[in-house]
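To start, the structure under review is shown below, and the notes come after it.
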Amino acid sequence: MDTPLSTIAVVGLGTMGTGIAEVLALAGREVIGIDISEAAALGAVASLEASTERAVGRGRITEEERAAALARFRTADTLQAAADAELVIEVVPESYEIKQQVFRELDAVVSPTTILATGTNALSVTRLAAESQRPERVLGLHFFNPAPAMKLVEVVSSVLTAPPAVETVTALARELGKEPVAVGDRPGFVADGLLFGYLNQAAAMYEANYASREDIDAAMKLGCGLPMGPLALLDLIGIDTARTVLEAMYAESHDRLHAPAPILGQLSSAGLTGRKAGRGFYTYDAPGGQDVLPDALTPAAGAEAGAGRAVASVGVAGSGTMASGIAEVFAKAGYGVVLAARTQEKADLAKGRIATSLERSVSKGRLSAEARDETLARITAAGSLDAFAEVDLAVEAVAEDLEIKQQLFAALDKVCRPGAVLATTTSSLPVVAIARATARPEDVIGMHFFNPAPAMKLVEVVRTVLTADDVHATVRAVCAKIRKHPVDCGDRAGFIVNALLFPYLNNAIKMVEQHYASLDDIDAAMKLGGGYPMGPFELLDVVGLDVSLAIEKVLHKEFRDPGLAPAPLLEHLVAAGCLGRKTGRGFREYARR
């Protein structure tokens, strides 16, 4: 099955088909673009002319290369034009009926050695192949939008696909400058399979009125380094498209995490399908526009929940990395800080860690020596919580253990003056359970910083049913002063970031358990196809598998959803002491330092 793939037909000249045709033509292939719509064909030609002209203007290709690429592209309105093609890629609408009709017609037209590829991201490649007269030569070739820019291509094999056909298109993808990953046949494949479950949960979170659309999107951008928030991304993809993909995933998995959130159906039925309609979760300047306009749901600029309490001094309880980082953040912002640990020695070591961090900033030119000295001078190291007697805000950053935190808050209740705000940095425990350890639960709130605290801009502000309005206002004002972005959420397991992040990580582990794709291919798919700064297994090893398992257990216990049950592979690795980078081995092995 040694096929050169010099002539390739692309069936369907929408945005994706046109983009794929451009990639192929620029790579020296003869490309036949086929669409029953004359307008679509003319649009594809115009698009290719415009994009290659821009490429010349930017120095990416020469005028001669542009002319050659345009000469290699021709259009037709019938599948008969694909007769001489060695590869046909269909990117027609996501419908079994439409795609199967295309494959049946192609069977009667193309050579027995022609490879037939479907560009579906939601339908079963196996089901499509079974309708063909040559199922061994049918596979999935899933490009990502925009095809000229996105590096990822998922090469999808069914149980019927012949390995040589896979090898041939994989080699083609590499010649096109793409990064092919090999995956099996299941709805969503790897990238969309992980991405759309996450997007669905974000939509459900918004629908439940747990957090605003702006806060959900800001949390995932700032807390995870994602290029777009989930609701803005749903608007970009198309809410109707997302619902179609999720329906296909749910039909296959019967996992409630894939059951489309009702709001997706409601918005689709109302024609509010995202950017292409001018309105979805957000309102845009025009259909197809990208500029977000204020609407009835947009928060008023500078609107805060009333007046807060005065905060001049801050106590930070703890001696670990998070406590040191938080103390550094407050001291840099001009607050007097008391850093208290269980012993004076531990407190001094924690202050020494801050001194080292500040010195690094000075050496990199980010901080002056004078500012370093002033910051350190604002920090008092103490070996007892008694030093918190006069602070206005006490922030704990001790072990993620409910009993330990409750004991600490009971102690803070006795030490801190009346009116002091008491904040916990918990990432997974119920804030109200911590607040009830005090006689003043109305003064208690969650301030979930992200690690490393000096660098990460996000703080999840978690108010309980007992938190006073002025305490909430105080913490938001403090966040502004320390140059952090606060997002509001209720007292629910995982808050925003962890509640959306860890089910995604857990689903990635399940893919490996099921031998669906390799660690490397899954990591590559999410970085190249989803724009994630790290692949899921890279991130799991950095976070720590024990930490990840603990959060997964909390989420499963709170929401009682079988789909949130920790993957057995994660539990086995933790039981074996393979906790990630900190132990030298997790999902991967690391060199000992």
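Only this structure's heavy atoms are used, side chains among them; waters, hydrogens and symmetry mates stay out. Starting from 1, each residue takes its place in the sequence as its number.
Distance alone, capped at 3.5 Å, is enough to place a donor-acceptor pair between the K484 side chain and the A453 backbone. A distance-only check finds a donor-acceptor pair linking the side chain of T18 to the backbone of G14 [under 3.5 Å]. The main-chain N or O of R275 is never found under 3.5 Å from a side-chain atom of D235 such that the two would form a donor-acceptor pair. Side chain of D521 to main chain of V181: no donor-acceptor pair is present (N/O by atom type, distance under 3.5 Å, no hydrogens or angles). Distance alone, capped at 3.5 Å, is enough to place a donor-acceptor pair between the E460 side chain and the V497 backbone. At distances below 3.5 Å, not a single donor-acceptor pair connects side-chain atoms of R186 with backbone N or O atoms of M249. In this structure a side-chain-to-backbone donor-acceptor pair under 3.5 Å is present from T114 to A85. Of the possible donor and acceptor atoms, one in the side chain of E86 sits under 3.5 Å from a partner among the backbone N and O of T7. Judged by distance alone, the side chain of D35 and the main-chain N or O of L13 form a donor-acceptor pair under 3.5 Å. Put simply, the side chain of Y282 never gets that close to the backbone of V292: no donor and acceptor are under 3.5 Å apart.
By the 4.5 Å heavy-atom criterion applied to side chains, I8 and E30 are not counted as neighbours. Under the 4.5 Å side-chain criterion, counting only non-hydrogen atoms from C-beta, D217 is not in contact with M228. Side-chain contact between F143 and E154 is absent, with no heavy atoms from C-beta onward closer than 4.5 Å. Residues H142 and L152 fail the side-chain proximity criterion, which asks for heavy atoms closer than 4.5 Å. Side-chain atoms of V169 and L87, non-hydrogen and from C-beta on, do get closer than 4.5 Å to each other. In this structure the side chain of T120 reaches within 4.5 angstrom of the side chain of F189, judged on heavy atoms. Under the 4.5 Å side-chain criterion, counting only non-hydrogen atoms from C-beta, V138 is not in contact with T161. Taking 4.5 Å as the limit, some side-chain heavy atom of F144 sits within range of a side-chain heavy atom of D192.
At least one cation-pi condition fails for R588 and F537: the charged atom is not both under 6.0 angstrom from the six-membered ring centre and inside a 45 degree cone around its axis. Cation-pi geometry between R279 and Y284 is not satisfied (NZ or CZ under 6.0 Å from the ring centre, within 45° of the ring normal).
Under the side-chain contact (heavy atoms from CB on, under 4.5 Å) criterion, A517 pairs with V183, V190, I522, sequence neighbours left out. For V102, the side-chain contact (heavy atoms from CB on, under 4.5 Å) partners are V11, L79, E90, V92, L106, not counting sequence neighbours. Listed by chain and number, the residues in a salt bridge (charged side-chain N to carboxylate O under 4.0 Å, His left out) with R213 are D295 (sequence neighbours excluded). Scored by the side-chain contact (heavy atoms from CB on, under 4.5 Å) test, R104 finds Q100, Q101, E131 as partners (sequence neighbours excluded). When the side-chain contact (heavy atoms from CB on, under 4.5 Å) test is applied to D285, the partners found at least two apart in sequence or on another chain are D291, L293. Applying the ring-ring contact (aromatic ring centres under 6.0 Å, His included) rule to F450 yields the partners H448; only residues at least two apart in sequence or on another chain are considered. Take R72 and apply the salt bridge (charged side-chain N to carboxylate O under 4.0 Å, His left out) test, not counting sequence neighbours, and it matches no residue. F281 pairs by the ring-ring contact (aromatic ring centres under 6.0 Å, His included) definition with Y206, not counting sequence neighbours. Contacts of K221 classified as salt bridge (charged side-chain N to carboxylate O under 4.0 Å, His left out), with partners at least two apart in sequence or in another chain: none.
Taken from CD in E49 to CG in L70, the straight-line distance is 6.0 Å, to the nearest 0.5 Å. To the nearest 0.5 angstrom, D215 atom CG is 8.0 Å from C489 atom SG. Here the CG atom belonging to L501 is positioned 13.0 Å from the CD1 atom belonging to I496, to the nearest 0.5 angstrom.
Remark: the S124 side chain and the D185 side chain contain an N/O donor-acceptor pair separated by less than 3.5 Å. Between the side chains of T52 and R66, at least one donor N or O sits under 3.5 Å from an acceptor N or O.
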Side-chain donor-acceptor pairs of residues 193-201 under 3.5 Å, sequence neighbours excluded:
| from | atom 1 | to | atom 2 | distance (Å) |
| --- | --- | --- | --- | --- |
| N200 | OD1 | A261 | N | 2.8 |
| N200 | ND2 | L257 | O | 2.8 |
| N200 | ND2 | A259 | O | 2.9 |

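Every pair tested for side chain to side chain donor-acceptor pair (under 3.5 Å) that includes a residue from residues 503-512 fails, sequence neighbours excluded, so the list is empty. Judged as a side chain to side chain donor-acceptor pair (under 3.5 Å), the pairs with a partner in residues 172-183 (not counting sequence neighbours) are, in order, R29-E175.
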CA sep, side-chain torsions, deciding dist, call: L264, D240, side chain to side chain contact (heavy atoms under 4.5 Å, CB included): CA-CA 7 Å; L264 299 177; D240 52 341; over 6 Å; no
